[in-house]
Structure formats: C-alpha cells, structure tokens
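Because only heavy atoms are used, hydrogens play no part in the values below, and waters and symmetry mates are left out as well, while side chains stay in. Each residue takes its place number in the sequence, starting with 1.
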Amino acid sequence: MNRDFVQVGKGFPELKAWALAWLLQIRELYGRNRKRLRHVPGSTERAAAESALRDHVANMAVRRDIVLADEKLRSPWRT
C-alpha cells in the first residue's frame, strides 16, 4: 500500500503533496496499531486504543470516499 503512494509521489511531482498526506495517514495508522498492541487484551487501555484506531480508519475511509467522488479525478489518483 505505501509503495503505491511513494510511486505516485515520485512519478507525478504535482501529486507529491497528496501522496505524502496519505503516507502520513498510513504512518499514523501503524502507530495507533502499535499503541493498541502494547496493552493487554480486554483492558480499558486496549479498548481505548482500539477505539482510536477504528476512528482513524473511519476518518481515512471518509477521506477516500470524498477523493474518489471527484469526477475530475484522474489516474494515478484512482489506483
């Protein structure tokens, strides 16, 4: 997944900022998952971390849907 955004950023200079923004969101996703995994399953801390992770995934999905709804969207954004 990350590799696709890196390729877009390198291959299309006008999309570099767009690709970097997604890479930062993916980085945040991995960070939240690492935080979740540090806590004991079933603990309050784990539940809070899981909630934060799920919220981040939901926010990314909303952002994705907004981007994909743009009729002017062209490849490689659609990949």
Side-chain angles (χ1 to χ4, degrees):
M1 174 170 43
N2 289 356
R3 178 178 29 212
D4 295 333
F5 289 102
V6 170
Q7 288 176 344
V8 168
K10 287 182 177 181
F12 300 86
E14 70 276 15
L15 300 179
K16 185 176 181 177
W18 177 86
L20 180 58
W22 277 105
L23 286 167
L24 291 173
Q25 290 297 308
I26 294 166
R27 180 180 179 184
E28 177 70 16
L29 182 70
Y30 281 106
R32 288 178 187 237
N33 188 52
R34 281 190 304 274
K35 184 176 180 180
R36 178 186 68 90
L37 293 174
R38 285 195 295 258
H39 300 292
V40 177
S43 69
T44 304
E45 294 85 3
R46 176 86 170 233
E50 284 181 8
S51 179
L53 177 61
R54 289 178 190 275
D55 287 347
H56 188 71
V57 170
N59 289 334
M60 287 178 72
V62 168
R63 184 173 176 202
R64 175 208 59 214
D65 292 344
I66 290 169
V67 169
L68 290 175
D70 184 350
E71 293 180 7
K72 295 178 184 178
L73 190 66
R74 64 174 182 83
S75 198
W77 284 5
R78 287 210 179 271
T79 59

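For Arg63 and Trp22, the positive end sits near the middle of the six-membered ring, less than 6.0 Å away and at most 45° from its axis.
Heavy-atom minimum distance, Lys35 versus His39: O-CD2, 3.1 Å.
To the nearest 0.5 Å, atoms CG (Leu23) and CZ (Arg3) are separated by 12.5 Å. One finds the CG atom of Leu29 at 12.5 Å from the CG atom of Leu24 (value rounded to the nearest 0.5 Å).
Between Met60 and Ile26, the closest side-chain pair of non-hydrogen atoms falls below 4.5 Å.
Note: the hydrophobic cluster containing Val57 does not contain Leu37 (ILVMFWY, side chain heavy atoms under 4.5 Å, direct or indirect links). There is no path of hydrophobic side-chain contacts, each under 4.5 Å, that joins Leu20 to Val6.
Between Phe12 and Trp18, the distance separating the two ring centers is not shorter than 6.0 angstrom.
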Quiz prompt | Audit row: Gln7, Asp4, side-chain contact (heavy atoms from CB on, under 4.5 Å) steps and yes/no | solution = CA-CA 5 Å; Gln7 288 176 344; Asp4 295 333; 4.1 Å; yes
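Listed for the His56 side chain is a donor-acceptor partner under 3.5 Å among the backbone atoms of Gln25.
Glu50 pairs by the salt bridge (Lys or Arg N to Asp or Glu O under 4.0 Å) definition with Arg36, Arg46, not counting sequence neighbours.
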